[in-house]
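Okay, so here's the structure we're looking at.
Keep in mind that this is a model prediction, so the values were computed, not measured. Numbering starts at 1 and runs along the sequence shown. For ligands, and for the atoms within them, numbers begin at 1 and follow the listed sequence.
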Amino acid sequence: MNAPLTMIAQADPGAGYRALKPEIDAAVARALNSGWYILGQEGAAFEREYGAWLGEGMQAVGCANGTDAIALILRGMGIGEGATVVTVSHTAVATVAAIEMVGATPLLLDIDPDTYTMDADELAAVLEDPPPGIPPIRAVVAVHIYGQACDLGPMLAACEKAGVPLIEDCAQCHGATLGGQMLGTIGHASAFSLYPTKNLGALGDGGVLATRDIELAGRIAAIRQYGWKERYVSSLIGINSRLDEVQAAILRTKLPHLDAGNARRRAIADAYDAALAGGRFTPPLRRANATHVFHQYVLRSDDRAGVMARLKAEGVGTGIHYPVPVHEQSAYAGRTALGPAGCAETSAAAKVVFSLPMYPELSDAQVEQICGALSRLG
Ligand SMILES: *Cc1c(COP(=O)(O)O)cnc(C)c1O
């Protein structure tokens with residue numbers, strides 16, 4: 001008889017905690033013992049360290065979650081009611097929710113099926129000739145899905161020509177690069193989720209946004225706390241979206257391990273690519289001149305349920321990111337504007353994509369077990 005299979009989870013944020021437990025426990029104790037729990041030294045230090053990690057001149061502002069990070073950037077730019085914000089339907093619903101939170105109208109474009117990122121040609125066409133019946137386009141939110149860059153060059157050129165800012169949704173791409181530049185430093189501002197399963201994850205909710213624009217960063221820092229520039233006096237219309245000290249202390253502990261974690265994800269992706277070589281599955285396309293950080297390793301199959309069941313029988317957990325495109329979800333269907341070409345590639349992808357286990361703490365033995373199962377899929 002074979003040894004019983006232990007199931008390998010598709011995501012395992014607890015493994016990220018266990019890997020650094022003594023350091024994280026000490027950081028939590030430090031934050032708790034400080035007696036200061038919201039917007040104190042840990043948060044300020046995390047903002048400094050995250051900005052420095054992103055690169056020269058980057059100002060980082062912590063907030064409550066990645067959705068708020070996008071909404072705060074839009075608010076900081078004065079974008080709300082009476083504005084259209086362009087993004088994609090193939091994303092976490094959070095991207096679209098953030099646009100509606102500030103009162104703006106989302107316009108959802110289709111994706112390039114090879115990279116699952118926004119169709120750059122469609123963006124250029126829509127900026128040049130906006131669809132009728134929607135408010136003027138005031139911003140673009142580019143989603144670097146699964147840990148890989150959008151085709152940012154032409155997208156930025158189209159945005160500059162149209163005079164609208166490009167905001168990067170970096171919730172899945174901490175540490176990824178394009179043309180040697182860190183994602184999150186290329187557009188006008190960028191939003192990062194620090195949800196526990198992200199490449200840099202808190203042990204609770206968290207978010208951080210970044211920009212080179214010092215004035216914008218200052219405005220957003222005020223907006224995230226009731227619009228205060230001085231205590232108890234609101235000079236701007238604000239909200240409450242703060243990163244707490246315990247999460248900031250945990251994030252400061254994890255940040256120095258992020259680059260190594262991303263390298264481990266790439267090594268695991270290389271092993272999956274090799275196990276699939278010559279078979280019927282096409283490994284994820286890696287954009288040339290870019291570093292993919294594999295937030296997800298995504299395959300496609302017309303027999304998705306069957307393949308997922310076979311992998312499960314071999315102890316390999318899988319997930320689907322995402323099973324229903326935003327524009328087909330009942331909260332959005334029938335009332336959300338799409339680009340003139342519709343979202344056919346988005347709808348097609350949602351029916352076939354599935355994600356393999358992917359996190360730095362996967363052991364070599366687990367990776368071997370997964371690769372064995374992949375090679376037996378043929
Ligand atoms: C996770 C995620 C978000 C939202 O982040 P939260 O921290 O959950 O609010 C936004 N966009 C994308 C692409 C995401 O993956």
Side-chain angles (χ1 to χ4, degrees), residues 10-11 13 16 46 50 60-75 85-102 104 106 108-109 111 115-118 139-150 152 155 166-176 183-184 187 189-210 220 224 239-244 247-248 250-251 254 262 265 292-298 319-327 329 331-332 346 349-350 353 355 358-359:
Q10 198 271 325
F46 173 68
Y50 198 71
V61 180
C63 62
N65 55 66
T67 312
D68 281 359
I70 299 169
L72 280 166
I73 291 169
L74 292 169
R75 278 180 193 273
V85 176
V86 181
T87 190
V88 286
S89 183
H90 186 75
T91 182
V93 75
T95 313
V96 182
I99 293 167
E100 292 201 330
M101 268 167 64
V102 303
L108 306 183
L109 302 189
I111 50 167
T115 59
Y116 306 99
T117 55
M118 185 184 284
V140 173
V141 178
V143 183
H144 304 301
I145 198 91
Y146 304 148
Q148 169 155 256
C150 294
L152 268 189
M155 290 169 65
L166 186 148
I167 298 162
E168 297 178 69
D169 180 340
C170 294
Q172 303 191 2
C173 71
H174 319 65
L183 298 187
S190 54
F192 295 82
S193 168
L194 305 168
Y195 184 78
T197 59
K198 306 285 164 132
N199 290 39
L200 178 64
L203 300 177
D205 268 318
V208 61
L209 57 95
I220 292 172
R224 77 168 158 183
I239 61 170
N240 176 5
S241 180
R242 300 175 295 213
L243 180 66
D244 71 68
Q247 296 308 330
I250 292 167
L251 290 160
K254 292 180 90 175
N262 284 338
R265 286 171 184 267
H292 195 320
V293 292
F294 288 99
H295 175 61
Q296 302 294 356
Y297 185 99
V298 174
I320 299 176
H321 303 95
Y322 296 93
V324 186
V326 175
H327 73 280
Q329 298 179 18
Y332 295 92
T346 297
V353 292
S355 313
M358 179 53 83
Y359 36 99

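When the heavy atoms of A69, S193, A64 are ranked by distance to atom 5 (O) of ligand 1, first place goes to S193.
Of all atoms in ligand 1, numbered sequentially from 1 with element shown, those under 4.0 Å from a heavy atom of N65 are 7 (O), 9 (O). Proximity to T95 (heavy-atom distance under 4.0 Å) selects the following atoms of ligand 1: 11 (N). Close approach to T67 involves these atoms of ligand 1, each under 4.0 Å from a residue heavy atom: 4 (C), 5 (O), 6 (P), 9 (O). If you number the atoms of ligand 1 from 1 as listed, the ones under 4.0 Å from a heavy atom of T91 come out as 13 (C). Near V143, with a cut-off below 4.0 Å to any heavy atom, the atoms of ligand 1 are 13 (C). Numbered from 1 in the order shown, with element, the atoms of ligand 1 that lie under 4.0 Å from a heavy atom of G66 read 5 (O), 6 (P), 7 (O), 9 (O). Here is the list of ligand 1 atoms found below 4.0 Å of a heavy atom in A94: 3 (C), 4 (C), 10 (C).
Between I145 and Q172 the shortest side-chain heavy-atom distance falls below 4.5 Å.
Residue-to-ligand polar distances place Q172 within reach of ligand 1: an N/O pair is separated by less than 3.5 Å.
Checked options T346, V143, I111, V88; the residue passing with Y116 is I111 (criterion: side chain to side chain contact (heavy atoms under 4.5 Å, CB included)). The ring-ring contact (aromatic ring centres under 6.0 Å, His included) test with Y146 singles out one residue from H292, H295, H321, H90, and that residue is H90.
Of all heavy-atom pairs spanning G16 and K254, the tightest one is O-CE, 4.5 Å. Residues F192 and A210 approach most closely at CE1-CB, 4.5 Å, considering heavy atoms. Closest of all the heavy-atom pairs between A69 and V208 is CB-O, 4.0 Å.
Open room surrounds OH on Y195; 12 or fewer heavy atoms of other groups in view lie less than 6.0 Å from it.
Among protein heavy atoms, the minimum distance from atom 12 (C) of ligand 1 is reached at A171 CB, 3.3 Å. Nearest to atom 11 (N) of ligand 1 among the protein's heavy atoms is D169 OD2, 2.8 Å.
Under a 4.0 Å heavy-atom criterion, K198 is in contact with ligand 1.
Separation of atoms CG (L74) and CG (D68) is listed at 11.5 Å; rounding is to 0.5 Å.
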